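Comments concern the structure below.
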Amino acid sequence: MKKIDLFERAIAEKADSLEAYGINSALFCAYHRSTEAGNELIDFDGAIWECEIEGIAKSLRENGIHEFTISSTYSSLIETLAAFEKQGFKIAGLTQVKEVYTDWQTGEHKLIPAIKMVG
């Protein structure tokens, strides 16, 4: 996965406040969890508040990231997809990503379906 230098610096410096670094917390969480799972793209596996989408899209572009996935199955997903489309990100089909948690029997990350977004 493409590393985001600012995020990596905040992690290394054990940042007290993501806002102090100008980091969107929803994107940071998705980045960190995706890195832990070993995904090739940033994956949003939880709810994304509509008010965060503009900031997420801006931060993605500022860091040269033009594709990500959404594996969350929460009930407002259609609205989230529409909001990302307004920001220039389009649905590019379905894919699979690694779940952040490992299977207790295999010790592996289970593959789950996700929507691929490009912009």
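This one's a predicted model, so the numbers in the text were calculated from it and none came from an experiment. Positions are given from 1 along the sequence.
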Taking the side chain from [X] and the backbone from [Y], do they hold a donor-acceptor pair closer than 3.5 Å?
| X | Y | result |
| --- | --- | --- |
| E52 | W49 | yes |
| S34 | N39 | no |
| H66 | V118 | no |
| K2 | N63 | yes |

Does [X] have more than 12 heavy atoms from other residues, nucleotides or ligands lying within 6.0 Å of its [atom1]?
| X | atom1 | value |
| --- | --- | --- |
| D103 | CG | yes |
| K110 | NZ | no |
| H32 | NE2 | no |
| E79 | CD | yes |

query: Mind checking whether F7 and Y21 have ring centres under 6.0 Å apart?
result: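 They do not qualify: ring centres at least 6.0 Å apart.
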- request: May I ask you to check whether Y31 and F68 place their ring centres under 6.0 Å from each other?
  value: no
Consider only side-chain heavy atoms of I, L, V, M, F, W and Y, link residues closer than 4.5 Å, and tell whether [X] and [Y] are in one cluster.
| X | Y | answer |
| --- | --- | --- |
| F44 | I91 | yes |
| Y101 | I112 | no |
| I4 | L41 | no |
| M117 | V97 | no |
| I65 | L81 | yes |

If you look at every heavy atom in [X] and [Y], which pair is closest and at what distance?
| X | Y | result |
| --- | --- | --- |
| A37 | E99 | CB-O, 3.8 Å |
| Q87 | A57 | CB-CB, 3.7 Å |
| A30 | D43 | CB-O, 3.5 Å |
| I56 | I48 | CD1-CG2, 3.8 Å |

message: Pair T102, E108 - check side-chain contact (heavy atoms from CB on, under 4.5 Å), show working.
response: CA-CA 5 Å; T102 56; E108 300 293 322; over 6 Å; no
message: I need the E19 CD to S25 OG distance, nearest 0.5 Å.
response: 6.5 Å
message: Working note: E8 + K3, criterion side-chain contact (heavy atoms from CB on, under 4.5 Å); need CA distance, chi angles, decisive distance, verdict.
response: CA-CA 7 Å; E8 293 297 324; K3 297 289 183 189; 3.7 Å; yes
Side-chain H-bond candidate by donor/acceptor type, D45 with S72, under 3.5 Å: no
task: Would you sort out whether F89 and R61 count as a side-chain contact (heavy atoms from CB on, under 4.5 Å), showing the intermediate values?
output: CA-CA 10 Å; F89 285 93; R61 285 194 186 90; 3.5 Å; yes
- prompt: Looking at T69, L94, T80, T95, which hits side-chain contact (heavy atoms from CB on, under 4.5 Å) with I115?
  reply: L94
task: Report yes if some heavy atom in the side chain of V100 is under 4.5 Å from a heavy atom in the side chain of E36; otherwise report no.
output: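 Yes. Closest side-chain heavy atoms under 4.5 Å.
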task: Could you tell me whether K58 and E62 make a salt bridge, using a distance below 4.0 angstrom between a side-chain N and a carboxylate O?
output: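 Answer for the salt bridge query: yes.
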